[in-house]
2 protein chains.
Amino acid sequence: MYERLKKSLEEHVSLTNDEWELCKNSFRPKRMLKRQFLLQEGDICRELAFIEKGALYSYTVDSSGNKHVIRFAFDGWWMANLHSFFTGKPTRLNIEVLEDSELLVLDRKNHDVLLEEIPAYERYHRIIVQNAYVALQLRVENALGLTAEEKYARLIEQNPEFMNRVPLNLVASYLGMSPETLSRVRGNFGG
Amino acid sequence: MYERLKKSLEEHVSLTNDEWELCKNSFRPKRMLKRQFLLQEGDICRELAFIEKGALYSYTVDSSGNKHVIRFAFDGWWMANLHSFFTGKPTRLNIEVLEDSELLVLDRKNHDVLLEEIPAYERYHRIIVQNAYVALQLRVENALGLTAEEKYARLIEQNPEFMNRVPLNLVASYLGMSPETLSRVRGNFGG
DNA sequence: TCCTGTTCTTGACATATATCAAGAACATTT
DNA sequence: AAATGTTCTTGATATATGTCAAGAACAGGA
């Protein structure tokens, strides 16, 4: 149940056995089924979630009721709304389960304890957020001023797995275009 | 010369005098004039820059030669291309000076020393990146599926200073629209 | 104050993409 | 295997925004 988390930590830092035990015991396992919500608009995000297995995605809903996907997350990734988690303010995001999933969730109190007690955990967290920032910036670069075809081409190049694991209408939303447009673009391509 | 940096650190962590001295001495002051480049496409980003005073912006240039602004940064903010800084790969970004500026720059070696020697520095850096991530995610939320008017409205709400400090054509690029469109939207508004 | 360059506005027109609609392909449940 | 729901494709039409063009407003330097 904790293999993926352990692997993720070990990729970036080394922990003693005691540290790993403390860390491990700070998380609470949580199983979720497809279409369930980890977080809904207006909620306060009280937990960071590590995905042992499965897939989630976060999105906003606009005034016309259209979804806009912000991020997908798969096995071995983290998911949360950091803004809400750190400020305690209600979130504008929904986080929904895409495939039946096994999560490990960590509340703010335990997170803070780990940061205080285990310097390597703080380092791990710094690196994780750093990487998330880099990935998100790439997303911004790929969204600005590209045609629908170019956006699709970059997705195929950088995140080919999205096209397999995620329904087309959600990928379209992630790319900021309609499902029809993505479908047409994909046809011209041979993907 | 180091006031703003000190203030920024003190907002998030406490340092001993010795730690502050070590920190301070790791930076190199650098004055830059409007239109100079801190980084150009193809360069490797070798330094993190803290802006004591002034303003910078980062952007990509597409195949048609159009600029796409990724981010603005003002007094008290950090600017760099983290992807290039941490991987050592050439960047796709340009970072240009918007107003004559005073920077404090920190190379990778010194940054790593500070992370090792001063736990509070690592904490500071974690928090800074965390905040940058939150801000960037907000940018993504505000870019997806909004009309030109809605994007402008959110900018006025969340970053009113941009409209004063930055030429319109760059703000337009930041919002992912043409300068003409921004000009028209602004007319309808009373901004 | 004039001159030069940049920034901003406004109009006319073009186009990429959205929207609406209907059915085909596919998956899941009974 | 039938039934139900979801996902994907394709066509016709509408529209928000881009592009091109020209001049007005403004700023900084000589």
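In the text below, chain A, chain B and the rest are named by the order of the sequence lines, each starting its count at 1.
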- Message: Please report the distance, rounded to the nearest Å, between CG in A:L146 and P in D:dG18.
- Response: 14 Å

- Query: Just how far, in rounded Å, is C1' of C:dA27 from NZ of A:K34?
  - Reply: 9 Å

- Message: Just verifying a value: how many Å separate A:F27 CZ and A:D107 CG, rounded to the nearest 0.5 Å?
- Response: 10.0 Å

- Query: In whole Å, what is the span from the CG atom of B:L168 to the P atom of D:dA24?
  - Reply: 19 Å

- Taking the side chain of A:R184 as its heavy atoms from C-beta onward, which of C:dC8, C:dT19, C:dG11 lies nearest to it? C:dT19

- Taking atom CG of B:L138 and atom CZ of B:R154, what is their separation to the nearest 0.5 Å? 8.0 Å

- Task: Kindly say whether, by distance alone, the side chain of B:E180 makes a donor-acceptor pair under 3.5 Å with the base of D:dC20?
- Result: yes

- Message: I need the CE-C1' distance between A:M177 and D:dT17, as an integer number of Å.
- Response: 16 Å

- With sequence neighbours left out, write down each residue that passes side chain to side chain donor-acceptor pair (under 3.5 Å) with B:T91, or none if nothing qualifies. B:N81

- Message: So A:G176, base contact, sugar-phosphate only, or nothing? Heavy-atom distance under 4.0 Å.
- Response: sugar-phosphate

- What is the distance from atom CG of A:L114 to atom CG of A:L106, rounded to the nearest 0.5 Å? 6.0 Å

- Message: Angle between ring planes, A:Y59 versus A:F37, binned at 30° and 60°: parallel, tilted or perpendicular?
- Response: tilted

- Message: Under 4.0 Å from OP1 or OP2 of D:dG18: is there any side-chain N or O of B:T181 that close?
- Response: yes

- Note on the structure: Taken to the nearest 0.5 Å, the spacing of A:Q137 CD from B:I70 CD1 works out to 6.0 Å

- Task: Send over the distance from B:R35 CZ to D:dG28 C1', rounded to a whole Å.
- Result: 12 Å

- Take atom CZ of A:R186 and atom C1' of D:dT9, then tell me their distance rounded to the nearest Å. 9 Å

- Provide, to the nearest angstrom, the distance between the OH atom belonging to A:Y152 and the C1' atom belonging to C:dT17. 18 Å

- Would you write the dot-bracket representation of DNA chain C, where each base gets (, ), [, ], | or . depending on whether it forms a Watson-Crick or G-U pair under 3.5 Å and with which partner? ||||||||||||||||||||||||||||||

- Message: From CG of B:N164 over to C1' of C:dC8, roughly how many Å is that when rounded to an integer?
- Response: 15 Å

- Message: Looking only at the aromatic ring of each residue, does the gap between the centers of A:Y121 and A:H111 stay below 6.0 angstrom?
- Response: yes

- Note on the structure: Of the candidates D:dG18, C:dA18, D:dT17, the side chain of B:A148 sits closest to D:dT17

- Message: Counting only side-chain nitrogens and oxygens, does B:S183 get under 4.0 Å of the OP1 or OP2 atom of C:dC8?
- Response: no

